[in-house]
Amino acid sequence: MNIDTIDFANIKLSDEIGEGTFGKVYKAQWRNKCVAVKRIYLNVNEEYVEREFKQLSRANHINIIFLHGISIHEDIHYLIMEYADGGSLFNFLHKVPRLEYSLNHVINWALQAAKGAAYLHSMTPHSVIHRDLKPHNMLLHDKRSCLKICDFGTVRYMSSMMTKNSGTAAYMAPEVFNGERYTTKCDVFSWSITMWELQSRKVPYEAISPELAVCQKVDKEGLRPPMSQLIFDCPEDIQKLMTDGWQADPNKRPSMNDIIEVLNKYPIDVDQLKL
Ligand code: ADE
């Protein structure tokens with residue numbers, strides 16, 4: 001399957017809505033639709049761009065930001081994506097206005113992130129591994145009741161991400177930052193750190209810098225976020241998913257489907273989700 005190429009002339013760019021590691025994101029209109037347009041400003045290898053985007057363009061799931069297509073204008077690549085109206089989960093958690101949320105929201109967001117990742121992991125002929133799951137890459141939609149994973153195409157450029165100090169290290173499984181072979185279980189590690197962030201409303205290892213020091217402590221000293229900072233009374237089996245999920249040995253981590261199975265035991269009150 002090929003990625004749709006979109007004529008840049010049909011895209012009406014408006015406000016800048018974010019800046020990721022690899023490019024600015026704009027709100028835009030395309031075919032009477034509100035879309036998000038990401039301008040890839042690195043001089044990235046086109047073959048890589050194509051390969052990554054091909055995988056993403058096949059993904060069609062409510063918890064994954066949909067990629068409408070790609071546009072090229074004056075040698076610059078633009079990704080034309082589904083627009084999520086609630087901003088990132090990271091901004092929601094840590095920036096003003098700090099709206100209150102409940103355990104119902106925590107379980108809902110954690111479950112939706114797991115469903116999006118499980119979908120990627122189940123894709124054929126190859127599972128897709130996100131490799132950079134974190135609240136910055138989870139967008140909220142529909143009054144923050146729906147969570148959508150974004151930011152795939154660029155995760156290959158790990159070294160440049162790390163040197164940009166992009167706040168990635170805390171979420172990254174040791175086998176990934178060590179450059180070892182990794183599997184879908186690296187996304188489970190990232191999910192676990194995100195789950196801790198949802199339950200603590202704190203940025204993981206905020207006091208530790210630079211990023212390399214975080215990697216070292218996580219890898220060599222077995223550092224993990226403290227349970228003492230959790231502010232929600234989460235059921236024990238969910239806490240166990242989180243602490244099993246950030247084990248150093250990927251084989252000891254649950255799968256995304258295991259996570260979904262446990263979270264599904266807790267009914268979500270859908271009438272109380274919109275914020
Ligand atoms: N920021 C980055 N990507 C976005 C998207 N698809 N929708 C809204 N805001 C975004």
Side-chain angles (χ1 to χ4, degrees), residues 3-6 8 10-42 44 49 52-73 76-97 99 108-109 112-113 115-117 119-120 128 130-157 160-161 164-168 171 187 190 194 197-198 203 273-275:
I3 319 160
D4 285 335
T5 304
I6 291 171
F8 194 75
N10 294 335
I11 299 166
K12 238 197 344 252
L13 291 179
S14 58
D15 302 344
E16 184 183 325
I17 50 175
E19 177 154 18
T21 322
F22 289 91
K24 289 188 169 165
V25 184
Y26 302 86
K27 195 173 176 177
Q29 286 289 120
W30 171 64
R31 288 191 188 159
N32 287 326
K33 232 198 297 260
C34 190
V35 292
V37 173
K38 184 183 205 175
R39 179 190 160 125
I40 308 287
Y41 55 35
L42 263 196
V44 289
V49 176
E52 289 285 348
F53 299 164
K54 233 173 221 167
Q55 275 187 317
L56 182 53
S57 66
R58 288 173 45 237
N60 190 354
H61 188 272
I62 182 144
N63 300 119
I64 305 288
I65 282 284
F66 186 76
L67 181 66
H68 293 295
I70 187 167
S71 190
I72 302 169
H73 178 64
I76 296 170
H77 284 80
Y78 297 85
L79 287 189
I80 318 302
M81 300 176 288
E82 172 186 9
Y83 177 76
D85 61 20
S88 74
L89 177 61
F90 185 87
N91 283 351
F92 172 79
L93 292 173
H94 306 301
K95 304 275 157 79
V96 283
L99 300 179
N108 175 54
W109 289 324
Q112 294 198 37
K115 283 180 174 172
Y119 172 81
L120 294 174
V128 172
H130 187 288
R131 283 169 290 193
D132 195 27
L133 279 186
K134 54 184 178 180
H136 316 65
N137 289 341
M138 297 176 184
L139 300 176
L140 299 176
H141 191 62
D142 195 13
K143 299 211 164 90
R144 306 179 179 93
S145 64
C146 183
L147 179 150
K148 292 172 186 279
I149 296 171
C150 70
D151 226 329
F152 297 68
T154 43
V155 291
R156 213 175 265 274
Y157 308 93
S160 128
M161 286 163 70
K164 274 202 150 190
N165 214 14
S166 51
T168 282
Y171 306 90
D187 288 341
S190 309
T194 301
E197 190 162 341
L198 284 171
V203 178
L273 284 179
K274 299 194 178 183
L275 288 171

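Read the numbers this way: they start at 1 and go in the same order the structure lists the ligands and their atoms. Bear in mind the structure is a predicted one, so any value in this text is a computation, not a measurement. Keep in mind that the numbers below use all heavy atoms, side chains included, and drop hydrogens, waters and symmetry copies.
Note: Asp151 CG to Asp132 CG = 7.0 Å, rounded to the nearest 0.5 Å. With rounding to the nearest 0.5 Å, the separation of CG in Asn10 from CD in Gln29 is 12.5 Å.
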_Worked verdict on Trp30 versus Tyr78 for ring pair (Phe, Tyr, Trp, His ring centres under 6.0 Å)_ = CA-CA 13 Å; Trp30 171 64; Tyr78 297 85; over 10 Å; no
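The minimum heavy-atom distance between Cys146 and Asn63, with the atom names listed, is SG-ND2, 4.3 Å.
By the 6.0 Å contact criterion, CG on Leu275 is enclosed, its count of non-hydrogen atoms from other residues, nucleotides or ligands being greater than 12.
Protein heavy atom in closest approach to atom 1 (N) of ligand 1: Val25 CG1, 3.9 Å. In this structure, the protein non-hydrogen atom closest to atom 6 (N) of ligand 1 is Glu82 O, 2.8 Å. Among protein heavy atoms, the minimum distance from atom 7 (N) of ligand 1 is reached at Ala84 N, 3.0 Å.
Taking every heavy atom of Tyr83 and a limit of under 4.0 angstrom, the matching atoms of ligand 1 come to 7 (N), 8 (C). Distances below 4.0 Å separate heavy atoms of Ile17 from the following atoms of ligand 1: 8 (C), 9 (N), 10 (C).
Scanning Leu139, Leu79, Asp151 for the heavy atom closest to atom 4 (C) of ligand 1 points to Leu139.
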